[in-house]
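Below, chains carry the letters A, B, ... as their sequence lines are ordered, and counting in each starts from 1. All values below come from the heavy atoms of this structure, side chains included, with hydrogens, waters and symmetry mates left out.
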Number of protein chains: 2
Amino acid sequence: MEKEHTSYGVKEIARRANVSTATVDRVLHNRTGVSEKTRIRISEIIKELDYQPNILASRLASRKIISLAILLPGVSEETDFWSAPLNGIRRAESEIKQYGVQMKYFFYDINDKNSFQEHINQLLELDVHGILVAPSFIEETSRLAAQCAKRKIPFIFIDSDVPDLQSLAYIGPHLYKSGYTGAKLLTYRLGSNKKVLFINISKEIENFNYKEIEEGFRAYFQDREQANEIVRIDIRETDYQSVARHLTYVFHLNKDIGAAFVTNSRVHTVASFLKNSHRTDVSLIGYDFLKENVAYLENNVIDFLICHRPEDQGYRGVMALYQTLVMNAAVTNPYYMPIDIITKENYEFYQN
Amino acid sequence: MEKEHTSYGVKEIARRANVSTATVDRVLHNRTGVSEKTRIRISEIIKELDYQPNILASRLASRKIISLAILLPGVSEETDFWSAPLNGIRRAESEIKQYGVQMKYFFYDINDKNSFQEHINQLLELDVHGILVAPSFIEETSRLAAQCAKRKIPFIFIDSDVPDLQSLAYIGPHLYKSGYTGAKLLTYRLGSNKKVLFINISKEIENFNYKEIEEGFRAYFQDREQANEIVRIDIRETDYQSVARHLTYVFHLNKDIGAAFVTNSRVHTVASFLKNSHRTDVSLIGYDFLKENVAYLENNVIDFLICHRPEDQGYRGVMALYQTLVMNAAVTNPYYMPIDIITKENYEFYQN
DNA sequence: ACAAAATCCGTGCACGTGCCCGAAACGTAA
DNA sequence: TTACGTTTCGGGCACGTGCACGGATTTTGT
């Protein structure tokens, strides 16, 4: 039951190179103080033995603390969507805090651009080693990225991407394909004479996610011969009354709507409207595994929910930072999450 | 950047109890050699400080090796389904081998009961600390479980369950609900006058998985008023010719089959038949993210695939054993995997 | 040629826990 | 009292790596 020598450590390398472990250590962390000759000699032995440092011992011996900043929308009473990524982050935290990783949390108001910027400012006061951010606002995120580049701090986007900012990785859905998939599900049993309603409910004009979704959604109809008419509606208020008013109007104008697609988690508001107005004939699809949405899935008002494993996004985001910072391993970028389809029949096993 | 004292260790406990760390250690591992009085005193301090052992140091200091036995069907040319769990297991292995965990693999022939038993015998020769098994045969699994109980070796089932054997956990799908979900998808756009074909293709008479699937499948029709007629067929040969022969016969007898459901990953064989006989009017659903199946998904012969994250099953299985053996943490049992729905539109992002 | 500086490298302790070994304290019997 | 076993406990090394400190050797400057 004794542990046989499964892999070699610095001691063995030192022995073979006729140096001390400290010198090997210097080479491993490419620090100064080693002659070129010995450096090469040691490097070769390291490569030859395919040396893998013992992370246990490494983290134990190192008194360094790695601190990660987490920048997320706060969980508001309006939506608890962001509790899912947060849970994933917390799970990751509990796994790696023993390894000397520390988190600093910053929760901003998703309806307030300034709040986002302010928390970025606070965050940049501290010197953290890595940043995980849900980039809700483009301009501010750009500036953050610039700062990070200057200070050489790696950062990761989750949930939505802002391209061309040299992020270490984007971890989230392929929104185009997500919209495409939604369109498929929506029309799977829809007559070709029926209209399709495309609904975007969002306070923030800046919210850019839905555009990609819409592109994918429309692309589906172009890729097929069956070309249902798409009615599009933008609703800038999120309360039920406003939504109901807009929807009443749209349904009044368009008598033959057979299906509706909501670009985000506010689908439950639409579901509520459909239920109250007894429109059981309209297929409904939306996003995210929220309690409210699942309730409408349960009683057949919502047909499908699409979900992108937000918990996993948080978990993987943290882990990716950890991987690069501690083991400096490569990270796949972008890392597209699966596009999960949730129905009344399978929701109880879904891992949000 | 120095690591501040975030949590207390044995040293602090020892200091407070006026004993040495060795005595604290004895209490922590409830070994003998401590008087009842000091044991209680130390226990209280441990509880008071909510002591969490540093796993890094623990695993590093311990020369013990934990060895896990993995008992899976081998990857045959007939199906590479089992490569997915194996990948997950390998991933887990690479993560925890640094922690002194070692794997022993046993691959049996899924078409041969004796092979299963023989590998069990081999496995029991070694003294392993935990077992992960895909229990393809009930009787033999029962005997294995009995042996494990006697030797107090925890074991975990993945992919399919054999109840009442005191396994540490079952990690896999809720097959009943899986069949139920399949029925839903299959009939989502099906006329009520159409028949539904239920196909089970399997050499091994012993294979018991499909029964639960069938129950769930049939339950769906009973739960709804819409009662399509279900035509059931059992095919005991897995080659294309045999399957085609049986299907030709069934389709000859039943002119109005609108949808077909295959209980396992052999759905591609049925897809091949449908394609060759130009039956584009039949919806087809089956299981598992195999290359062949995805190909038929791609060209619209298969409508949906249902999948239960086999890779994750392997990963979680190993991790669950690790959790119990190293950190003796509790494991949720059963651990039902999500019932994932895969279509032509979202398959490229699926993590098998 | 000699000191000063720069370069190169080894010794040894630390991280927090596991566990061996032996010492001290206690108990019992002659 | 002495002798001897048993119970209870502490000292100290080990795990593999990080890193401070200082010693040894070579190079540079005058």
*Mind running ring-ring contact (aromatic ring centres under 6.0 Å, His included) on A/Y108 and A/F116 for me, showing each step along the way?*
CA-CA 5 Å; A/Y108 61 87; A/F116 186 61; 4.6 Å; yes
In whole angstroms, the gap separating P of C/dC15 from CG of A/L60 amounts to 9 Å
Bend of the helix from C/dA1-D/dT30 to C/dA30-D/dT1 from end-axis comparison, five pairs per end, nearest 10°, comes to 60°
Does any non-hydrogen side-chain atom of A/F155 lie less than 4.5 Å from one of A/L132? no
When rounded to whole Å, the CD to C1' distance for the pair B/Q98 and D/dT17 reads 12 Å
From NZ of B/K11 across to P of D/dG11 the rounded distance in Å is 13 Å
Examine D/dC19: is either OP1 or OP2 under 4.0 Å from a nitrogen or oxygen in the side chain of A/K64? Give yes or no.
yes
Regarding B/N121 and B/E125, is there a side-chain donor-to-acceptor distance under 3.5 Å anywhere?
no
Item to check | Note: A/K47-A/E44 ion pair, threshold 4.0 Å (strictly below) | outcome: no
Checklist entry - Do we see a donor-acceptor contact under 3.5 Å between the side chains of A/Q117 and A/R143? => result yes
In whole angstroms, the gap separating C1' of D/dG16 from CZ of A/R15 amounts to 16 Å
When rounded to whole Å, the CD1 to C1' distance for the pair B/I42 and D/dG10 reads 12 Å
(request) Kindly indicate whether a cation-pi arrangement holds for B/R90 with B/Y105, taking the cut-offs as under 6.0 Å to the six-membered ring centre and within 45° of the axis. (result) yes
**Prompt:** With respect to the phosphate group of C/dG16, does any side-chain polar atom (N or O) of B/Y51 fall under 4.0 Å of OP1 or OP2?
**Reply:** no
query = Just wondering, do B/Y350 and B/R309 contact through their side chains at under 4.5 Å, heavy atoms?
reply = yes
Q: Name the orientation class of the two ring planes belonging to B/F349 and A/Y336 (parallel below 30°, tilted from 30 to 60°, perpendicular beyond 60°).
A: perpendicular
Contact between A/F81 and A/D159 at the side-chain level, heavy atoms closer than 4.5 Å - yes or no? yes
Ordered by number, residues from residues 16-35 of chain B within less than 4.0 Å of DNA chain C (heavy atoms) are B/A22, B/D25, B/H29, B/R31
B/I46 atom CD1 is separated from C/dT17 atom P, nearest whole Å, by 11 Å
Exercise for the section: Verify the contact: side-chain N or O of B/Y8 to OP1 or OP2 of C/dT17, cut-off strictly under 4.0 Å; return yes or no. Expected result: no
note: A/N54, atom CG; C/dG16, atom P; distance rounded to Å ~ 16 Å
